Amino acid sequence: MQIRKAFEAIAAHFEHTLDIKQAGMEILETGDTALVLSKTLVSAKGHPLQERKATYVFRKDASGVWVCVIDNSYGHDLLGV
């Protein structure tokens with residue numbers, strides 16, 4: 001329930017105009033682990049278009065389902081470089 005409330009607050013903050021598009025994706029997979037590199041375009045009313053280079057790590061569980069274990073939608077921007 002808390003996750004839902006957080007997403008509802010984000011949507012309200014951006015006046016429900018948040019628009020996210022994938023502009024490219026590469027998946028590097030080996031065994032039960034996959035690294036996903038993604039270019040994401042994020043925009044909202046009153047905010048400039050941002051390009052994010054996101055990084056995700058997925059792991060395949062015992063039943064064969066891929067589960068996201070690291071979600072870094074900001075990518076290298078976290079480094080502040």
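Because the structure is predicted, anything quoted here is derived from the model rather than measured.
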Same cluster (ILVMFWY, side-chain, under 4.5 Å), V67 and L35: no
Can you measure from [atom1] ([X]) to [atom2] ([Y]) and round to the nearest 0.5 angstrom?
| X | Y | atom1 | atom2 | result |
| --- | --- | --- | --- | --- |
| E29 | K60 | CD | NZ | 6.0 Å |
| K39 | K53 | NZ | NZ | 6.0 Å |
| T40 | I20 | OG1 | CD1 | 8.0 Å |
| T55 | L37 | OG1 | CG | 5.5 Å |
| K5 | E8 | NZ | CD | 8.5 Å |

Is there a side-chain contact between [X] and [Y] (heavy atoms, below 4.5 Å)?
| X | Y | answer |
| --- | --- | --- |
| E26 | V36 | no |
| T33 | F58 | no |
| H47 | F14 | yes |

Of all heavy-atom pairs between [X] and [Y], which one has the smallest distance, and what is that distance?
| X | Y | result |
| --- | --- | --- |
| S73 | R52 | O-CD, 3.4 Å |
| Y56 | N72 | CD2-N, 4.0 Å |
| E51 | D77 | O-OD2, 4.4 Å |

Can you establish whether the number of heavy atoms outside Q22 located under 6.0 Å from its atom CD is more than 12? yes
Over 12 non-hydrogen atoms of neighbours within 6.0 angstrom of CG in L49: yes
Walk me through whether I10 and L18 qualify under side-chain contact (heavy atoms from CB on, under 4.5 Å). CA-CA 9 Å; I10 291 167; L18 194 59; 4.2 Å; yes
What do the steps show when you test W66 against R59 for side-chain contact (heavy atoms from CB on, under 4.5 Å), and what is the final call? CA-CA 5 Å; W66 287 99; R59 181 156 297 129; 5.6 Å; no
What's the verdict on side-chain contact (heavy atoms from CB on, under 4.5 Å) for S43 and Q50, showing C-alpha distance, side-chain angles and the deciding distance? CA-CA 6 Å; S43 63; Q50 290 185 334; over 6 Å; no
